[in-house]
Enquirer: 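Quick one: the structure is below, and I'll ask about it shortly.
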Amino acid sequence: MSFANRRPGGRILPARRLTPQVDPKTQFEKLALAIGEIYKHNASKLSFEELYRTAYGLVLSKNGQMLYDGVKGVLERHLRECVETGIMQYAAKARDEPSLTNSEQFLSSVRLLWSEHVTAMLMIKDVLMYVDKVFVSNARLPCVYDMGMHVFRDQVFQGAEFRLDLITTTTLLSQIARERRGEHINKSTMRGITNMLVELQDKDQTRSVYKATFEPLLLADTRLRIRISELGTAEYMQRISDYLSSGTTALLRETVLQELISANAQAVLDIENAGLVQMLEQRSIASLAVLYCLYSQVPSAVKLLQDKVHSHIVSLGDHINAPLATADDAPKPGAKGKGPQERHGLAERTATAIRWVQDMLKLYDVYEEFLVESFTSNLAMRNAVNDAFIETINRNARSPEQLSLFIDDSLKRGLKGKAEQEVEHILERSVLLFRFLQNKDAFEHYYKLHLARRPSSLVSKLKVECGSQFTQKLEGMFKDIQLSADLVQAVKDADVLADTSFDMGVSVLTPTFWPSLWSTGADSKEELHVATDAYSMGNADIKVHFGSRTHELNVSTYQMLILMLFADTSDALTTEQIQQQTGIPSEQLSRQLQSLACAKYKILNKTPKSRDISPADSFAFNSDFRAPQYRIRIPLVAATNHMESDREKAASQAKISQERQLLIEAAIVRIMKDRKQMMHENLVNETIVQLSPRFLPSSKNIKEGIGKLIDREYLQRSLDDPRLYIYLA
Amino acid sequence: MSGTEESPTVKLTSGDGFSFIIDKAVAKQSATIMNMLDMSTGGFTEALTSEIRFPEIKGQVLEKVCQYLFYKHRYADEGATERVPDFEFDLEISLELMMAADYLDC
């Protein structure tokens, strides 16, 4: 009651007792008797007010402790008496002869005592509410109701002379076993008993007796029964959940899974002739689906499955990688006829590379099917498969080059009659593998190197995959092609060549975008902005008289130069002489001579008549040349894109690492510009993060980059902490 | 009053014989009275007869208690939206009233 306002004046009257004072002992006796009556269901004959006032009086007269302990004593005595008279006989029977009837009688007697105790405690607690309110909260004791529960636990349930807890749990387990065998048991009794176990607090006060004693026993029992194969129906799980605490069902399920799946997971995967490897190899989609369905319920098992799939893919991948390794390691076929054999070896390597990509794609298809059909497109499984492909593809150091070769090859074939959709499809699949490459910049290098015709669709696909920076150079190549066409048109429109006998065409090739065509240039950087004539790229139409016949030949600039030599002389010339007189670089020359002497149209006669060009071979003009058409195009023997020889490979590597170093430095500067100050590790990590879409920089290279930037005074080490870098604007 | 049918009111009787019949909902503003009238576990005499005797409380005090129970019932759920009037009582009975409040837990 709150006192908001007092009327002034008057005197506070002393509180005076209206009823006579009674001694505490007699007062308590009254309460003890009442508790007995409550247990006997005679509460309706008791006055709440009188009992409440008695407890109130005892607490006010500082007899709270006496009252509390007294009540506890009354409860203890009462419960022990109940056990002795109402339960022990059934307990003994249930223990000695655990038949269905004895078990049920015992359990229901325990349940009855429990439910009566709970009801009585609810009433006692109400009558003693003043004890809870004033005495208990000061004395830091369990409230009256909890005290009653503890008395039940300590005296009845876990009491040393009864040990009803042991009999109760074994009886519960035997009842569960009965039900499993199909007998009918009283579920509501079971439910009542488990509820009691849940409600009783264990002595450590942190969990219920159910959790502390019964549940572990039940789980152990279940485990044992699975081991001896006595258990195995989902129906049992369903039924048992009717009377167990709800959390237990999940634990039971876990136990069953643990016993049935985890314990056998490895063994099943490894079954000889029927294990995972066989399922994968025989593509048993259905078996894999069942396997996955089971394993996916247990994290440890699904991890096993993933590992196994992973290692299987990697081993298959190694199988695909193997021929390449041997091709690389094979001793160079002798020094004697190096030319033809090496060429042959290279062609074969190229074929191997294409086969490698095709095999990889085939393998990927198989696993894609497993993922969708058997593994429910699960993300974790997909990651495991992808990781395996990343690992296996990057184990092959030449994968970027091979992928690029494959695309090149597909496109060349594609132009010969494959539908655009098919080409599109191949490109899509190539991008699939491209995604797994760690050294994407290496791929870019080879891609620029290998291909003359780039369908822009691939570029745009790569752009989606890697970002625009990556495809910048490739797009540059297309721009040049466009620019060339425009220039030719402009020249034609200007009509400057109208009065000459020449016709003219122009190709624009920006060196940075077309590195392979400029490799002969001494230092491409110096020529960067110089428009250079590229003889190897040009072509010309010339009229040639073969005895009485005249043909118009469409030849390259170099071929024109060679043919011009024979216009002045009818003698044969050796390869060396030709080179001296024309100044054509020797690696270009043999290609040009092959086109003239060894291809379909033999304008020159070569001695000896072999395909290969050696310095001593001689060439003479073939005046007997015959051809049905007037106008003939002399195709240049294609400089086949082949697997690089070791020398070329080293050059490629050097070029790639040089480019990487620049990228690393640029990344460091970008980061430091933003952060101003940074610790060494953070800077290294951040650099790796920034560059990882393109390639994985080594921390050694990053350190080098930092060193160079310090030399060039972009960065400075902090004087206080040598691990801290400061950006110098 | 017979206990067979649950009565909507309760009769509170003081030690000096004054009786007050009030709504149970109002009376249950006191936690003690609420427990006395609790029927869920079977019920004590008071719950069955809807009659409670308070031998230790004078009529003068019990009357004020009843007024207070109504007052609490009326304003307990009011927020600050409405001005709650002061509850007034005589200074003479303040000590006894305080003891009754403690006893009745209200």
Side-chain angles (χ1 to χ4, degrees), chain A residues 1-22 34-35 37-57 59-60 115-134 144-145 148, chain B residues 3 12-17 29-49 51-61 64-65 67-69 71-72 75 84-106:
Chain A
M1 193 182 281
S2 62
F3 299 90
N5 191 15
R6 290 173 302 170
R7 208 173 286 166
R11 201 169 54 84
I12 300 176
L13 300 174
R16 240 179 250 130
R17 296 199 64 89
L18 302 180
T19 49
Q21 187 85 25
V22 188
I35 288 171
E37 291 302 310
I38 288 173
Y39 273 107
K40 285 184 209 145
H41 308 285
N42 286 333
S44 60
K45 299 199 177 71
L46 299 169
S47 161
F48 187 112
E49 198 278 340
E50 194 184 340
L51 299 174
Y52 178 80
R53 183 156 35 84
T54 308
Y56 169 84
V59 171
L60 284 189
S115 68
E116 292 196 337
H117 179 63
V118 169
T119 312
M121 280 315 297
L122 286 171
M123 300 178 92
I124 294 167
K125 149 199 102 145
D126 280 352
V127 170
L128 300 181
M129 72 184 267
Y130 199 79
V131 181
D132 272 344
K133 190 176 125 190
V134 176
V144 172
Y145 182 83
Chain B
L12 308 179
T13 306
S14 70
D16 47 3
Q29 295 298 315
S30 148
T32 307
I33 297 179
M34 190 166 72
N35 281 336
M36 287 178 182
L37 297 177
D38 182 28
M39 293 284 278
S40 67
T41 47
F44 289 85
T45 316
E46 288 89 342
L48 298 172
T49 56
E51 201 175 329
I52 307 174
R53 302 185 66 86
F54 294 105
E56 282 287 339
I57 303 177
K58 284 193 291 188
Q60 192 195 359
V61 176
K64 208 66 200 169
V65 166
Q67 286 175 11
Y68 176 73
L69 290 175
Y71 170 85
K72 191 178 176 190
Y75 294 109
V84 179
D86 292 337
F87 182 75
E88 302 193 355
F89 54 88
D90 291 335
L91 188 60
E92 292 100 71
I93 59 162
S94 60
L95 186 61
E96 285 173 281
L97 203 51
M98 212 156 64
M99 287 180 66
D102 179 49
Y103 179 80
L104 292 172
D105 197 8
C106 65

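What you see is a predicted model; the values in this text were computed from it and never measured. Letters go in sequence order (proteins before strands), and every chain restarts at 1.
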Enquirer: Under a 3.5 Å threshold, yes or no: a donor from one side chain and an acceptor from the other, between B:Y103 and A:E49?
Expert: yes

Enquirer: Determine whether a donor-acceptor pair (N or O, by modelled atom type, separation under 3.5 Å) exists between the side chain of A:Y130 and the backbone of B:D105.
Expert: no

Enquirer: Where is the tightest heavy-atom contact between B:G43 and A:M123, given as atom of each residue plus distance?
Expert: N-CE, 3.7 Å

Enquirer: My understanding is that only residues two or more places apart in sequence, or in another chain, count here; which of them pass side chain to side chain contact (heavy atoms under 4.5 Å, CB included) with B:T13?
Expert: B:K11, B:S19, B:R53

Enquirer: Among the options B:D38, B:L104, B:I33, B:D102, pick out the one with the most heavy-atom pairs lying under 4.5 Å from chain A.
Expert: B:D102

Enquirer: Measuring from B:E46:CD to A:S44:OG, what's the distance to the nearest 0.5 Å?
Expert: 11.0 Å

Enquirer: Heavy-atom pairs under 4.5 Å with chain B - which of A:H41, A:E50, A:K133 has more of them than the others?
Expert: A:K133

Enquirer: Under 4.5 Å heavy-atom distance to chain A, tell me which part of B:T32 shows up: side chain, backbone, both or neither.
Expert: both

Enquirer: Would you say B:E56 and A:Y56 make side-chain contact, with heavy atoms under 4.5 Å?
Expert: no

Enquirer: Please look at A:V134 and chain B and tell me whether the side chain, the backbone, both or neither of the residue comes under 4.5 angstrom of a heavy atom of that chain.
Expert: neither

Enquirer: Measure the shortest side-chain to side-chain distance between B:T45 and A:F48 over non-hydrogen atoms and say whether it is less than 4.5 angstrom.
Expert: no

Enquirer: Does A:K45 use its side chain to pair, donor to acceptor, with the backbone of B:F44 at less than 3.5 Å?
Expert: no

Enquirer: Tell me, please, which residues at least two apart from B:S14 pass side-chain hydrogen bond (donor to acceptor under 3.5 Å, both in side chains).
Expert: B:D16

